[in-house]
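Sequence lines set the chain letters: A, B, ... in the order given, protein chains first and strands last, and positions in each chain run from 1.
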Amino acid sequence: MTDAIAISNAQLRFGETAALDGVSLTIPQGTCFGIVGESGSGKTTLMRAVLGLQKLDQGEIRILGKPLVHGRAALRERASFIQPIFQDPAASLSPRSRIRTLMNEVGTVLREPHAATHERLAVILGRLSLPPGVIDKYPHEISGGQARRVAIARALLMKPSILIADEPTAGLDVSVQGDLLNLLQDIRRSQNITLVVISHNLAIMRLIAENAVVMRAGNVIEGGEVGSLFGSPQEVYTRDLLAAWPSIRAVNTKG
Amino acid sequence: MAISLRDLSVDYSLQQGTAHALRGVSLDIKKGEMLGLVGESGSGKSTVAFALMGLLANNARVTLGTATIDGKNFDLTKRNATAALRGRGMAMIFQDPMLSLNPVFTIGTQLGEVLRRRAPGSDRKTRVAMAEDALAKVKLSNPARRMNQYPHELSGGMRQRVVIAMALLSEPALLIADEPTTALDVTVEAQIMREIIGLRDRVGCAVLLITHSLGLVTEYCDAISVLYAGEKLESGTVKAVQRQPGHPYTRMLFDCEVPIDRERHADASQNSFTVISGDLPDPRRRPPGCIFNGRCDVSFAECAVVNPGDYPVGDDAGHSARCLRLATP
Ligand SMILES: Nc1ncnc2c1ncn2[C@@H]1O[C@H](COP(=O)(O)OP(=O)(O)OP(=O)(O)O)[C@@H](O)[C@H]1O
Ligand SMILES: Nc1ncnc2c1ncn2[C@@H]1O[C@H](COP(=O)(O)OP(=O)(O)OP(=O)(O)O)[C@@H](O)[C@H]1O
Ligand code: SF4
Ligand SMILES: [Mg+2]
Ligand SMILES: [Mg+2]
């Protein structure tokens, strides 16, 4: 089967900064792929490049076997099967329109009657523990974690075959985080969706991804099957990440 | 400086009616202590922070609430009640870093501005040195270059650290940090927590840490308060609450935490996560009885009719929770 995403030797500079310094990776269809790494290591830049929002200086990106094409028409066509969830949820919500309007747009794009879109939406909102009333609010009238969930709901509503999520669980309490992850797992089991998850949360990454890479300064420093990657990490940085995990276990066992 | 917040109640008016975001929330932070404020997304944590800072949205109204900050009393129902403390006495690290950063000024200009307010007599060179030092402390690489960059040239986590550096430089008496480290890896997070604790111990400030990371709270905070649907359900020292959670919600929340060494199914799509099932109550019409009834795993008949008071838990002074199971008949 063709890979969902194949990146070879991606390079991109911003002035003095090599944001991507020769990144190569392949993401098989129907799997969950994790990207962890230092802040500023190029994770978001890589995501933007895959979405065609950022041109590479060098290198190649293939989506479902086809080379990435730039331009408005290509961008629109891609939106029908690849959906992003951005790190900053406010960026994907337009401040001047109610959340209902945002969701209606999905129906328009999919040429689906609004009633059908909202029926699917109600299910997603319920699964993400969002009260149905949120759709009548403006983005500034909801909390940070609610905004993230709204952005996620919108992306899922598009029924993408590839979902790229940048820190999807940031700002969510642990129960709602569980709701989201269980929903994504259900979608994976029932549809052939490819998930790309960028996250600092290694505890979660271990449990949802098949494969992952660790990035540092524009490079992939190590990668592979998650069990062995986090089970016996080779790089110091990866080991530090696992060692610095703030754990609550210590006191739970105390008398 | 010690902070005590009493009976804070905040409403948001909406076209569809008035939502009660906070109902009678009281918090205490002792001088030189860090309080971890945790709870459901949407439970009102940021609203508490905004109310203290006097930065609530236009459609918000404080219906009740007073704050005692460093011995002075403030009536929070008055607009701008704490304005005199903003910037100098209180600093806030916002959940969204772009709320604290001005997109048209360089990082250096914005840090310099904070220092000009804190140390009016200082010369430019000293301020630049102090600003670069602050950036290095939050582990930003190449501080000298960052000074000349604009916010959009930085990654999400880099921006968050600039905002933290700004807050540290202002040496506030009350530091409110709303999810300060969500965009950061745990090694940087640990460094930042050390810096915040360093500031706390150096200037003796009180810190309100809003977070979803129970690991952070148990590792770095002195005390914890738990919010749910606009009400405070439990508070106490971290040790006491962790050893013996008085409220079922607190216990269930801790049970949702995902340990880094949890057993892993070889087929990743088969791993599932613990959640607290059930729906949040409608913020416009509070149901009678306990606010957690309906999601609680140990509820009984009375829970639907009697609104629990705040009962002591165990023998640890200051540990209390609002659950009828704690009421001694
Ligand atoms: N528009 C831009 N102009 C200049 N530099 C940029 C721009 N966008 C990103 N960079 C730089 O590129 C590097 C990679 O940034 P990127 O946002 O991809 O990091 P990241 O891995 O997503 O980090 P984080 O975990 O903090 O979100 C950083 O050094 C950043 O400063
Ligand atoms: N300006 C507003 N108008 C109407 N409702 C609002 C407004 N701001 C917040 N709310 C609502 O008030 C409640 C509390 O919001 P708040 O931002 O304080 O939550 P939070 O605990 O900080 O959540 P999170 O963890 O997701 O950031 C939420 O249900 C939110 O939707
Ligand atoms: S009062 Fe009843 S419903 Fe509420 S937390 Fe206690 S047992 Fe559960
Ligand atoms: Mg990023
Ligand atoms: Mg918040």
Can you tell me which portion of A:Ala19 sits under 4.5 Å from chain B's heavy atoms? Options are side chain, backbone, both or neither. neither
Does any backbone or side-chain atom of B:Glu179 lie under 4.5 Å from a heavy atom of chain A? Answer side chain, backbone, both or neither. side chain
If I measure from the heavy atoms of chain A, does B:Asn59 come under 4.5 Å with its side chain, its backbone, both, or neither? side chain
Counting distance only, does the side-chain N/O of B:Gln95 pair as donor-acceptor with the main-chain N or O of A:Ser143 below 3.5 Å? no
B:Leu253 portion near chain A, given a 4.5 angstrom heavy-atom threshold: both
Can you tell me if A:Arg188 and B:Gln270 form a side-chain donor-acceptor pair at under 3.5 Å? no
Heavy-atom distance under 4.5 Å to chain A: side chain of B:Asp185, backbone, both or neither? both
Which atoms of A:Tyr237 approach chain B - backbone, side chain, both or neither, heavy atom under 4.5 Å: side chain
The interface call for A:Ser175 against chain B, heavy-atom contacts under 4.5 Å, is both
With only heavy atoms counted, which part of B:Val258 is less than 4.5 Å from chain A, the side chain, the backbone, both or neither? both
Chain A interface, residue from B:Met98, B:Gln160, B:Arg161 that has the most non-hydrogen pairs under 4.5 Å: B:Arg161
Whether the side chain of A:Gln185 engages the backbone of B:Ala268 through a donor-acceptor N/O pair (distance < 3.5 Å, no angle test) should be reported. yes
Proximity breakdown for B:Arg284 and chain A, heavy-atom pairs closer than 4.5 Å: neither
So B:Ser41 and A:Arg149, side-chain hydrogen bond (donor to acceptor under 3.5 Å, both in side chains) or not? Walk me through it. CA-CA 10 Å; B:Ser41 161; A:Arg149 283 178 277 164; 2.7 Å; yes
A:Arg206, part contacting chain B, at a heavy-atom distance under 4.5 Å: both
Measuring heavy-atom distances to chain B, does A:Glu38 have an atom under 4.5 Å in its side chain, in its backbone, in both, or in neither? both
Is B:Arg264 salt-bridged to A:Glu210, going by a charged N under 4.0 Å from an acidic O? no
Under 4.5 Å to a heavy atom of chain A? For B:Glu153 that would be neither
Counting only non-hydrogen atoms closer than 4.5 Å, does B:Ala183 touch chain A with its backbone (N, CA, C, O), its side chain (CB onward), both, or neither? both
Run the side-chain contact (heavy atoms from CB on, under 4.5 Å) test on B:Phe273 and A:Leu207 for me, step by step, so that the C-alpha distance in whole Å, both residues' side-chain angles and the decisive distance to 0.1 Å come before the verdict. CA-CA 9 Å; B:Phe273 297 83; A:Leu207 296 172; 3.7 Å; yes
Which bit of B:Ser269 comes within less than 4.5 Å of chain A, counting heavy atoms only: side chain, backbone, both or neither? both
At a 4.5 Å cut-off on heavy atoms, which part of B:Glu257 comes close to chain A: side chain, backbone, both, or neither? both
